[in-house]
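Notes follow the structure.
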Amino acid sequence: MAGRIKTQELTEVSEAQIAVHWKEEEYYQPSEKFKAQANMRDPGIFAQFGLDKFPDCFKAYADMLTWLEPYRTVLDSSDAPFWKWFVGGKLNASYNCVDRHLDKYGKKAAFIFVAEPEAEPDVSITYQELFTRVNEVAALLRGLGLKAGDRVTLHMPMVPELPITMLACARLGIVHSQVFGGFSGQACGSRIQDSGSRMLITMDGYWRNGTLIDHKVNADIAVRTAKELGQDVDKVLVWQRYPGKYSAKTQMVPGRDVFINDLLKDYKDKKVEPVALPSEAPLFLMYSSGTTGKPKGAQHSIGGYLSYVTGTSKWVLDIHPADIYWCMADIGWITGHSYIVYGPLAIAATSVMYEGVPTFPDAGRPWRIAERLGVNIFHTAPTAIRMLRKLGPQEPRKYKYHFKSMTTVGEPIEPEAWRWYYDEVGKREAVITDTWWMTETGGFLGTTMPAIHAMKPGSCGPAAPGIHPVIYDETGAEVPKGSGKAGNICIRNPWPGIMQTIWGDRDRYVKTYFAKYNKNPRSKDWRDWPFLCGDGAVQAADGYYRILGRIDDVINVAGHRLGTKEIESACLTVPEIAEAAVVPVQDELKGRVPEVYVAVKPGVKASQDIVDRVIKANEEVIGKIARPKHVYIVPDMPKTRSGKIMRRVLAAISNRRDVGDVTTLANPDVVEQIRTLVQGKETVTTKEELPEDIAKFGQVE
Ligand code: WTA
């Protein structure tokens, strides 16, 4: 640390740790009414899922499924850390999500599809109809020669045809790889190449923000990109947003492109036996959300994954067949795979699927949908919560819906945003579960059990049953709970939902998730393989975890490691602030100093007074060490289409570097506006290389 300024705060925290300054928040209790109806109310569940009961405790989840052949071994660790769950067992995901519900729930809606145009009627699809449609598509895929183990890339929007196609693949054991519909054709092409798909399934168009987007054009770019990378695509199957009508302008390529609705005429009412597949066969690939670098496909299994998302949908999301459940996420992300498609369907849920943007045509839209359909479980991300709070803070009051429970997922939620969610959206009736997890983990890691634990704003809570987290510092020493110190959060044990590997790259899997804290690469004992989640976290004395953001996003001010979320949460204590993002900039004295970008609520005028109060909030909540060098009031944050703030873009602007490719962002135009605001009309970028910590800041691995 020679040459760096030391301040008094430094004496408490070594460089191996991340400093924590957030104040403790108050508890909120679930209502008696909620507790009385919950699927899981027995606090004894945590003893039943203790480490001493591992791995057999997870039979409880596997036994929620229907197996075509029973499993013999719960966990096979002979190829550690490539875990195999429920070995010897055979099952079919499509059977578990559809067929087995027909007797009891055949007439009940599996999905209620809400189109973005408000005049378009809802489409309700019963389990019986889902069964028919999944079978027809499966028959079609089989007719085209596809079989178990083949990969197929999907590049589809939020329409019922997406889960139908996924389940048709699952029926045959075809490994689906759905690329988020908002991703570019190029991003899709590189994922086609990585997965070795010879078929792309897409849709001609879909509604977004009031426009019927030509989506088919992306298929042409994707196929071209894949070819340049060495992967041929023989067939592009095109769903029609309006059956019988082509909603795109792009030409269909003869011999390659076909309308699924035309082909399906030959498969009317055809049935396909669900194939009995080994538990450890792959169900799907999910490429991580990063837009840079080589795509990284998380490979998820059938038996382990399906067990885990089924168990957590039942106990954590607390879905009952009579509920109307709405997860306002996109199926193109892991949240949608696990908690719109596989988990909820496995427990016979009725799910709302919404095509469009939550704030279209206004910030009351989600609450209108909730009121009309009687939604009682609502699941969304902090970015949507902040946006709805910004644009329509009192909109929820206008609608007569009642949620019994709500979930947040995707990033840490600032306590200020949490309280709005609780008070206004949940009307102080609904419990909130803050579910922390990632693409690689298949399902929830950190969460409360909604009928068992109190809620604490900004903390995801203790962990899900059978998940045993540990926080290590950089040297591998355990950071004890209640110490006020943060570190790298890991999971001590494997669990059924964990990815099997990175598709086609075993070494990268071991290196990324295990190498840091594994001491013996030859060990077959799961205890030697803690899973590195990639997030910084702190555990309070009560056992609750608070996630501080990705480890790579820690800002090191004079040897003082600050989590981005802490600073951003401090900014949100200023009532006018709707969103905040912090980035590190180089500083001769302190190494790095934070620069803050804030967006204000509508109707609020940017002023020096707001800037001053943001600075003051940081000094008060965190300390002088966190005093931002600049506070910029910007019109909007640059965001990915999944709503994550692209801090790397802001860091590039602050450090006078080229912003790189921003075409995949949800709002690329705002980047130039922010650049001008910070740098002035003339571009003042330098080509000089950035120090490693800033260069990798905000780069989602
Ligand atoms: C972050 C999304 C705090 C975290 C399911 C993680 C969260 C990354 C939360 C994974 C939460 C997700 N609280 N942080 N409740 N949920 N994250 O792969 O940094 O898109 O590592 O999976 O999002 O993002 P991914």
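These figures come from a predicted structure and were not determined experimentally. When a ligand or atom number is given, it counts from 1 through the structure's own listing order. Each residue takes its place number in the sequence, starting with 1.
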| For atom 22 (O) of ligand 1, which of Arg550, Met438, Arg546 has the closest heavy atom? |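 Checking each option, the heavy atom nearest atom 22 (O) of ligand 1 is found in Met438.
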| task | Can you figure out which of Pro412, Ser338, Ala298 has its heavy atom closest to atom 3 (C) of ligand 1? | result |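 Comparing heavy atoms across Pro412, Ser338, Ala298, the nearest one to atom 3 (C) of ligand 1 lies in Pro412.
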Considering only NZ, NE, NH1 and NH2 on the basic side and carboxylate oxygens on the acidic side, decide whether [X] and [Y] come within less than 4.0 Å.
X: Glu478; Y: Arg492; answer: yes
X: Asp542; Y: Lys456; answer: yes
X: Arg386; Y: Glu568; answer: no

| task | Answer with yes or no after comparing the ring centroid distance for Phe49 and Tyr61 against a 6.0 Å cut-off, counting only values under it. | result |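 Between Phe49 and Tyr61, the centre distance is under 6.0 Å.
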| query | Is the closest N or O pair between Asp535 and ligand 1 shorter than 3.5 Å? | reply |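 N/O-N/O distance below 3.5 Å exists for this pair.
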| said: Classify the ring geometry of Tyr342 against His176: parallel below 30°, tilted from 30° to 60°, perpendicular beyond 60°. | reply: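 Rings of Tyr342 and His176: parallel, under 30°.
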| For Trp437, is the nearest heavy atom under 4.0 Å from an atom of ligand 1? |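 In this structure, Trp437 qualifies as a contact of ligand 1 - some heavy atom is under 4.0 Å.
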| query | Within less than 4.0 angstrom of ligand 1, does Gly410 place any heavy atom? | reply |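 True for this residue.
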| Residue from Glu25, Glu424, Glu414 passing side chain to side chain donor-acceptor pair (under 3.5 Å) with Arg419 |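 The side chain to side chain donor-acceptor pair (under 3.5 Å) with Arg419 is passed solely by Glu25 among Glu25, Glu424, Glu414.
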Numbering as shown, the atoms of ligand 1 that approach [X] to under 4.0 Å (heavy-atom distance):
X: Lys644; value: 20 (O), 23 (O), 24 (O), 25 (P)
X: Asp434; value: 11 (C), 13 (N), 15 (N)
X: Thr439; value: 18 (O), 20 (O), 22 (O), 25 (P)

| query | Is it true that the side chains of Asp434 and Trp418 contain a donor and an acceptor less than 3.5 Å apart? | reply |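 Looking only at side-chain atoms, Trp418 and Asp434 do not form any donor-acceptor pair under 3.5 Å.
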| query | Is Ile547 touching ligand 1 with its side chain, its backbone, both, or neither, if touching means heavy atoms under 4.0 Å apart? | reply |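 Side chain only.
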| field | Residue part near ligand 1, for Thr435, under 4.0 Å between non-hydrogen atoms | value |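 Only the backbone of Thr435 comes within reach of ligand 1.
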